[in-house]
Asker: 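Take this structure, written in structure tokens, and hold onto it; I'll ask about it next.
Hydrogens, waters and symmetry mates are skipped; everything else that's a heavy atom, side chains included, is used. Quick caveat, the model's predicted, so the values are computed rather than measured. Count residues from 1 along the sequence.
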Amino acid sequence: MNLSDITQRFESSLGGTDAFKELYKGAYALMKSDPENAAVYFVLANAAQAFVLQYEDQGISGEFVDRAKAVMAEFNRKALDAVNANPEKRFHMLSEIAYDYEWNTPDF
């Protein structure tokens with residue numbers, strides 16, 4: 001399993017917290033098999049896990065989930081680019097994801 005597989009499954013999955021749960025579990029697992037990119041996986045996993053922790057036991061609308069999934073899919077695309085980039089570019093892209101998550105993603 002690699003990040004591309006995990007993100008493709010996420011994007012093709014049905015809405016809801018289960019998609020986010022699979023994403024964070026897969027990202028955490030990748031930290032063990034690809035420690036060079038562990039920071040990228042860690043940021044993705046924490047964002048996805050935050051969504052699950054906040055909304056797992058709540059009824060949420062499909063529209064809300066679709067918006068959150070679109071945000072997470074964008075993070076995934078940046079992460080895919082980052083793991084294939086040189087270390088300097090990887091750090092820059094990881095910083096973009098972290099910044100966007102912290103300051104531009106109020107829902108989770």
Side-chain angles (χ1 to χ4, degrees):
M1 178 173 15
N2 60 37
L3 185 59
S4 180
D5 296 335
I6 291 169
T7 59
Q8 285 175 357
R9 270 191 289 192
F10 176 78
E11 291 199 26
S12 66
S13 67
L14 298 174
T17 56
D18 287 347
F20 287 82
K21 190 179 289 187
E22 270 201 40
L23 178 64
Y24 84 71
K25 287 181 178 182
Y28 280 135
L30 286 174
M31 289 176 67
K32 292 179 186 174
S33 62
D34 184 13
E36 184 176 322
N37 290 303
V40 175
Y41 306 135
F42 185 76
V43 169
L44 286 182
N46 277 305
Q49 188 174 34
F51 183 87
V52 172
L53 292 173
Q54 189 163 353
Y55 298 109
E56 186 169 38
D57 296 333
Q58 297 182 27
I60 48 179
S61 73
E63 182 181 293
F64 178 79
V65 173
D66 289 345
R67 278 194 321 267
K69 204 170 164 191
V71 168
M72 198 69 222
E74 181 60 27
F75 293 162
N76 290 342
R77 281 189 283 283
K78 288 181 180 181
L80 280 167
D81 289 342
V83 298
N84 295 311
N86 65 51
E88 184 178 329
K89 184 164 174 108
R90 183 181 313 134
F91 180 75
H92 176 73
M93 296 177 86
L94 179 59
S95 294
E96 279 184 27
I97 296 167
Y99 183 89
D100 284 346
Y101 174 69
E102 180 62 27
W103 301 111
N104 298 322
T105 310
D107 293 331
F108 63 99

Asker: Which value, rounded to the nearest 0.5 Å, describes the distance between M72 atom CE and I97 atom CD1?
Answerer: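 M72 atom CE to I97 atom CD1 measures 8.0 Å (nearest 0.5 Å).
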Asker: If you count the non-hydrogen atoms of other residues, nucleotides and ligands that lie under 6.0 Å from CD in E63, is the total more than 12?
Answerer: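 No, because the 6.0 Å sphere around CD of E63 holds 12 heavy atoms or fewer from other groups.
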Asker: Rounded to the nearest 0.5 Å, what separates atom CZ in F42 from atom CG in L94?
Answerer: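 One gets 10.5 Å once the value is rounded to the nearest 0.5 Å.
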Asker: Where the side chain of T7 meets the backbone of S4, is there a donor-acceptor pair that is under 3.5 Å apart?
Answerer: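 Judged by distance alone, yes, a pair lies under 3.5 Å.
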Asker: Take the angle between the ring planes of Y24 and Y28 and call it parallel below 30°, perpendicular above 60°, tilted in between.
Answerer: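 Rings of Y24 and Y28: perpendicular, as their planes differ by over 60°.
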Asker: Dump the intermediate steps for side chain to side chain contact (heavy atoms under 4.5 Å, CB included) on V71 and F51, then the final yes or no.
Answerer: CA-CA 11 Å; V71 168; F51 183 87; over 6 Å; no
Asker: Minimum heavy-atom separation for V52 and T17, please, with both atom names.
Answerer: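 Smallest heavy-atom distance, with atoms named: CG2-O, 3.6 Å.
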Asker: Would you sort out whether L23 and N76 count as a side chain to side chain contact (heavy atoms under 4.5 Å, CB included), showing the intermediate values?
Answerer: CA-CA 10 Å; L23 178 64; N76 290 342; 3.9 Å; yes
Asker: How far apart are the closest heavy atoms of F10 and A19, and which atoms are they?
Answerer: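 F10 and A19 have their closest heavy atoms at CD1-O, 3.4 Å.
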Asker: Taking the basic N atoms (NZ, or NE/NH1/NH2) and the acidic carboxylate oxygens, is any pair closer than 4.0 Å for E22 and K25?
Answerer: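 No, this pair does not count.
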Asker: Going only through I, L, V, M, F, W and Y residues with side-chain contacts under 4.5 Å, is there a path from V40 to M1?
Answerer: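 Yes: a chain of side-chain contacts under 4.5 Å links V40 to M1.
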Asker: With a 4.5 Å cut-off on side-chain heavy-atom distances among I, L, V, M, F, W and Y, is there a chain of contacts connecting Y101 to F64?
Answerer: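 The answer is yes; both residues are in one hydrophobic cluster.
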Asker: Roughly how far, to the nearest 0.5 Å, is the CG atom of N37 from the CG atom of N2?
Answerer: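 Answer for the CG-CG pair, N2 versus N37, is 11.5 Å.
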Asker: Stepwise, does the ring-ring contact (aromatic ring centres under 6.0 Å, His included) test hold for F20 with Y55?
Answerer: CA-CA 10 Å; F20 287 82; Y55 298 109; 8.9 Å; no
Asker: Testing the 3.5 Å rule here: is there a donor-acceptor pair between the side chains of E88 and H92?
Answerer: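 The answer is no; no qualifying pair exists.
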Asker: Could you report the tightest heavy-atom contact between K78 and M93, atom names first, then the distance?
Answerer: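 Closest approach of K78 to M93, heavy atoms only: O-CE, 3.6 Å.
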Asker: List the atom of D107, the atom of Q54, and the distance in Å for their closest heavy-atom pair.
Answerer: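 Scanning both residues completely, I find the closest heavy atoms to be O-OE1, 3.6 Å.
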Asker: To the nearest 0.5 Å, tell me how far L80 CG sits from Q8 CD.
Answerer: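 Separation between the atoms: 8.5 Å.
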Asker: Mind listing the closest non-hydrogen atom pair of A73 and E11 along with its distance?
Answerer: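 Where A73 meets E11 most closely, the heavy atoms are CB-OE2, 3.6 Å.
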Asker: Please round to the nearest 0.5 Å and tell me the distance separating atom CG of D81 and atom CZ of R90.
Answerer: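 The CG atom of D81 sits 12.0 Å away from the CZ atom of R90.
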Asker: Looking only at atom types and distance, does a side-chain atom of K69 sit under 3.5 Å from a main-chain N or O of S13, one as donor and one as acceptor?
Answerer: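 Answer holds: yes.
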Asker: Atom CG of L30 and atom CG of L44: how far apart are they, to the nearest 0.5 Å?
Answerer: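 Rounded to the nearest 0.5 Å, the CG-CG separation comes out at 9.5 Å.
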Asker: Are any non-hydrogen side-chain atoms of V43 and F75 less than 4.5 angstrom apart?
Answerer: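 V43 vs F75: side chains apart.
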Asker: Looking only at non-hydrogen atoms, find the nearest pair between G16 and V65 and report the distance.
Answerer: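 What the structure gives for the nearest pair is N-CG1, 3.1 Å.
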